[in-house]
Number of protein chains: 4
Amino acid sequence: MPKLGAEPIRRAALVKATIETVGEAGSLEVTVAQIARRAGMSSALAHHYFGSKSQIFLAAMRSILTIYGAEVRGALAAASGPEARLRAIVLGSFAAGSFRREAISAWLNFYVLAQKSPEARRLLTVYQRRLKSNLLHELRPLVGPRAEEVARGLGALIDGVYIRASLVDGAPDRDYARRIVQEYLDRELENRT
Amino acid sequence: MPKLGAEPIRRAALVKATIETVGEAGSLEVTVAQIARRAGMSSALAHHYFGSKSQIFLAAMRSILTIYGAEVRGALAAASGPEARLRAIVLGSFAAGSFRREAISAWLNFYVLAQKSPEARRLLTVYQRRLKSNLLHELRPLVGPRAEEVARGLGALIDGVYIRASLVDGAPDRDYARRIVQEYLDRELENRT
Amino acid sequence: MPKLGAEPIRRAALVKATIETVGEAGSLEVTVAQIARRAGMSSALAHHYFGSKSQIFLAAMRSILTIYGAEVRGALAAASGPEARLRAIVLGSFAAGSFRREAISAWLNFYVLAQKSPEARRLLTVYQRRLKSNLLHELRPLVGPRAEEVARGLGALIDGVYIRASLVDGAPDRDYARRIVQEYLDRELENRT
Amino acid sequence: MPKLGAEPIRRAALVKATIETVGEAGSLEVTVAQIARRAGMSSALAHHYFGSKSQIFLAAMRSILTIYGAEVRGALAAASGPEARLRAIVLGSFAAGSFRREAISAWLNFYVLAQKSPEARRLLTVYQRRLKSNLLHELRPLVGPRAEEVARGLGALIDGVYIRASLVDGAPDRDYARRIVQEYLDRELENRT
DNA sequence: AATGAATGAGGATTCATTCAT
DNA sequence: GATGAATGAATCCTCATTCAT
């Protein structure tokens with residue numbers, strides 16, 4: 001009897017393996033065979049499920065962004081009031097599922113992918129927009145007209161902290177990362193009227 | 001027709017072509033033949049002068065960082081006093097030679113290269129350190145004990161602005177980029193005692 | 001149409017094709033593509049099964065030495081008594097599978113390979129040692145203390161006859177070859193006390 | 001003033017360098033550039049003097065055979081009487097100029113070259129014939145009708161000792177080599193009527 | 001569903017050879 | 001005479017992708 005739901009399991013395994021493989025290699029120049037082997041299947045099967053290498057990459061990217069989104073939402077759920085929610089978004093951006101060695105490296109590589117692949121670019125843009133809209137929503141009551149510029153700065157800063165974390169070897173330092181964005185936030189909020 | 005002193009000319013042409021090719025492709029997955037063709041020579045000659053593809057990449061990366069360093073130094077030369085010098089560094093980081101489409105894309109790709117190539121990583125680290133030391137030097141008289149944390153934030157923010165610029169198509173918006181970091185700076189400086 | 005158990009078949013075909021190709025070319029400077037074409041497959045498949053050109057060569061060399069060993073053993077099986085066995089070894093060295101145009105030329109080339117490849121050298125040394133030990137075993141009862149020196153002479157003479165056969169075009173003259181070593185043997189044996 | 005005789009000096013340097021390079025590499029797969037560098041000149045000049053790589057090889061081969069011939073002739077000059085002359089030929093075959101690491105390895109490789117290059121084959125054949133004729137001349141008065149077969153055996157044995165010497169690393173053992181052929185000779189001569 | 005088999009299309013790299021100076 | 005410059009042609013090897021089973 002064919003296992004029910006083999007497909008979603010296989011796809012998930014491939015997505016996970018892709019992030020790990022790309023993360024470890026620090027590059028998109030990994031082979032489908034490597035990914036498939038890590039996922040415990042043949043490369044032919046990987047093609048069967050995803051059609052092409054770039055579809056595999058896209059699926060992995062979606063996964064990374066989905067996890068990121070979920071973590072931010074999770075942090076938000078526990079917070080009430082604009083400032084608490086704002087801090088939750090910012091800190092949630094460095095939660096365990098996203099701010100880990102492989103995911104960071106994979107994320108960087110998907111930024112590169114977005115240079116070429118319109119679909120990858122679209123994904124990234126959507127997430128940036130969503131983050132910005134989230135930030136703005138909480139910032140407006142806090143800093144009023146400066147909300148727009150603070151949101152821009154926060155978005156860029158988060159990405160900057162991520163990209164710099166990609167250069168460190170070993171586990172990324174979450175506290176250090178969070179401190180940088182929190183200080184930025186503190187500075188902005190202490191000035192509010 | 002062999003000319004005397006062809007080597008430096010050829011090498012420079014290859015470096016330039018590499019940045020353009022990688023910038024256009026938005027990826028390191030370009031062939032030596034593509035680069036060589038753009039530089040007006042055979043791929044064999046490119047190998048003759050650089051030995052290997054990775055040496056070509058490294059030379060291009062050095063070139064990017066050298067240009068960046070020169071532009072920051074150039075901006076610094078015209079400024080006097082800590083605050084002016086600080087703003088010069090930060091604005092110089094987005095000068096014309098560095099903050100242009102191809103260079104940004106190539107820079108992003110060299111970040112990726114640094115994940116794998118120790119030499120590339122070394123180059124990047126040296127430049128980050130140099131920038132930070134420059135920032136600290138001017139920040140200390142201005143913000144005293146907070147210099148360290150502001151320098152960290154500025155460094156990350158500059159990188160963040162760069163990586164986000166890599167996603168925009170068309171010419172990058174220098175003013176927009178500068179505004180983001182300037183606002184950060186303004187905020188930090190207005191609070192100084 | 002993939003068949004089960006294709007691997008051993010393909011490998012054997014490649015080994016055969018290698019010996020033929022090297023034999024015909026009279027040189028190791030043959031391409032994997034040539035070998036693969038003769039074996040009826042793509043060069044990619046050849047690499048898939050052997051990993052590298054040198055592994056292909058090594059496998060071919062092993063094959064040649066295995067055939068040689070089998071032929072000598074075959075000849076030995078039918079002989080009884082030291083002298084008969086000794087003559088069997090010597091004559092078996094020129095049996096049909098080994099002493100043929102292509103195999104001789106390939107053998108010569110593998111001698112060259114052994115200058116550079118430690119594994120190739122090991123293979124050759126093992127076979128020389130085995131031959132010598134076989135010879136000594138039969139020679140001791142026949143010529144006593146001179147066994148060692150006769151064995152050395154016979155070994156060198158067999159190789160000498162082979163290398164000279166490599167220069168003749170057309171089919172090698174087995175009888176001529178055998179006569180040379182037999183005369184050597186006759187001379188040594190007639191002198192025994 | 002252009003040096004008189006630059007050409008013969010350059011050619012000789014290239015021939016010497018070729019033998020050394022091939023000997024060291026243990027293979028004909030050496031580049032013209034390697035040879036030229038060792039000879040202290042550009043590869044372009046090597047081509048200027050020899051026209052092509054194969055001409056360089058042929059010249060080196062001629063040199064090896066010439067040295068061999070000279071050494072045998074030298075040994076012959078000091079000997080009188082058939083047996084002495086016969087032993088001189090055989091021992092002369094292992095004189096210092098020929099029976100040395102590089103020359104042996106180069107000689108083996110030239111045997112390979114002779115499989116493909118008619119001119120190389122011609123050179124080798126000429127030398128084999130000359131050796132045989134020399135041997136026969138002295139053997140006839142010593143072993144009469146068996147001269148032919150002894151000459152054949154001696155020729156093959158000398159080549160066999162050479163090829164086996166090619167497998168040993170370090171300096172070849174001249175005494176060991178000579179002993180093998182001398183024992184053969186002793187055996188043949190003691191039986192003469 | 002799953003895979004071993006198979007390959008076409010490259011891509012980095014090497015090298016003999018040529019040529020202008 | 002001598003060489004740096006330059007390249008076309010190869011060659012090994014890799015890999016995404018397809019297909020029959």
Side-chain angles (χ1 to χ4, degrees), chain A residues 1-7 9-10 29-37 40-56, chain B residues 1-7 9-10 29-37 40-56, chain C residues 1-7 9-10 29-37 40-56, chain D residues 1-7 9-10 29-37 40-56:
Chain A
M1 86 214 122
K3 282 151 271 169
L4 265 315
E7 170 152 0
I9 294 173
R10 295 295 201 175
E29 290 170 62
V30 299
T31 71
V32 173
Q34 281 165 12
I35 294 171
R37 193 179 320 128
M41 70 193 80
S42 71
S43 67
L45 192 54
H47 271 93
H48 175 68
Y49 281 124
F50 281 99
S52 76
K53 190 185 187 180
S54 48
Q55 289 305 312
I56 299 179
Chain B
M1 67 213 130
K3 302 207 196 76
L4 271 319
E7 172 151 1
I9 295 172
R10 294 298 200 176
E29 290 170 64
V30 298
T31 72
V32 174
Q34 281 164 12
I35 295 172
R37 192 176 322 125
M41 72 192 81
S42 70
S43 67
L45 193 56
H47 273 96
H48 175 67
Y49 282 125
F50 280 99
S52 75
K53 192 183 184 181
S54 51
Q55 288 304 313
I56 298 179
Chain C
M1 66 216 127
K3 302 207 198 75
L4 271 319
E7 172 152 1
I9 295 172
R10 295 299 201 175
E29 290 170 63
V30 298
T31 71
V32 173
Q34 281 165 13
I35 294 172
R37 194 176 320 128
M41 71 192 82
S42 71
S43 67
L45 193 55
H47 273 98
H48 175 67
Y49 282 125
F50 281 99
S52 75
K53 191 184 184 182
S54 52
Q55 289 304 313
I56 299 179
Chain D
M1 90 216 118
K3 282 152 272 171
L4 265 318
E7 170 152 3
I9 294 174
R10 295 294 201 176
E29 289 170 65
V30 298
T31 71
V32 173
Q34 281 165 13
I35 294 172
R37 193 179 319 127
M41 71 193 80
S42 72
S43 67
L45 192 54
H47 271 92
H48 175 67
Y49 280 125
F50 281 99
S52 77
K53 192 185 186 181
S54 49
Q55 289 305 314
I56 299 179

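Throughout, protein chains are lettered first and strands after them, A, B, ... in sequence-line order, and every chain is numbered starting at 1.
- In this structure, CD1 of Ile35(D) is placed 12 Å from P of dC15(E), rounded to the nearest angstrom.
- Distance NE2 (His47(A)) to P (dG4(E)): 16 Å, rounded to an integer number of Å.
- Note that the OG atom of Ser43(D) and the CZ atom of Arg37(D) stand 9.0 Å from one another [nearest 0.5 Å].
- Closest contact between the side chain of Ala44(B) and the listed nucleotides dG4(E), dT7(F), dC13(F) involves dT7(F).
- With rounding to whole Å, Lys53(D) atom NZ is found 11 Å from dT14(E) atom C1'.
- In terms of heavy-atom proximity, Ala46(D) sits nearest to Ala36(D) at CB-CB, 4.3 Å.
- Of the residues near DNA chain E, Thr31(B) and Ser42(C), the one whose nearest nucleotide (by heavy atom distance) lies more toward the 5' end is Ser42(C).
- Atom pair His48(B):NE2 and dA6(F):P shows a separation of 8 Å (rounding to whole Å applied).
- At whole-Å resolution of the value, CZ in Arg10(C) and C1' in dA5(E) are 8 Å apart.
- Shortest non-hydrogen contact noted between Phe50(C) and Gln55(C) is O-CB, 3.1 Å.
- Atom OH in Tyr49(C) sits roughly 10 Å away from atom P in dG4(E) (whole-Å rounding).
- Rounded to whole Å, the distance from CE on Met41(A) to P on dG4(E) is 13 Å.
- Rounding to the nearest 0.5 Å places CE of Met41(A) at 11.0 Å from NE2 of His48(A).
- When all heavy atoms of Tyr49(A) and Ala6(A) are compared, the closest pair comes out as OH-C, 4.3 Å.
- Judged by distance alone, with hydrogens and angles left aside, the side-chain atoms of Gln34(B) form a donor-acceptor pair with the main-chain N or O of Thr31(B) at under 3.5 Å.
- In this structure, Glu29(C) atom CD and dC12(F) atom P are separated by 11 Å, rounded to whole Å.
- Within the nucleic acid shown, Ser43(D) comes within 4.0 Å of at least one base atom, counting heavy atoms only.
- Checking side-chain atoms of Lys53(C) against main-chain N and O of His47(C) turns up no donor-acceptor pair under 3.5 Å.
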*With Watson-Crick and G-U wobble geometry limited to distances under 3.5 Å, how should the secondary structure of DNA chain E be encoded in dot-bracket form, using | for bases paired to another strand and [ ] for crossing pairs?*
.||||||||||||||||||||
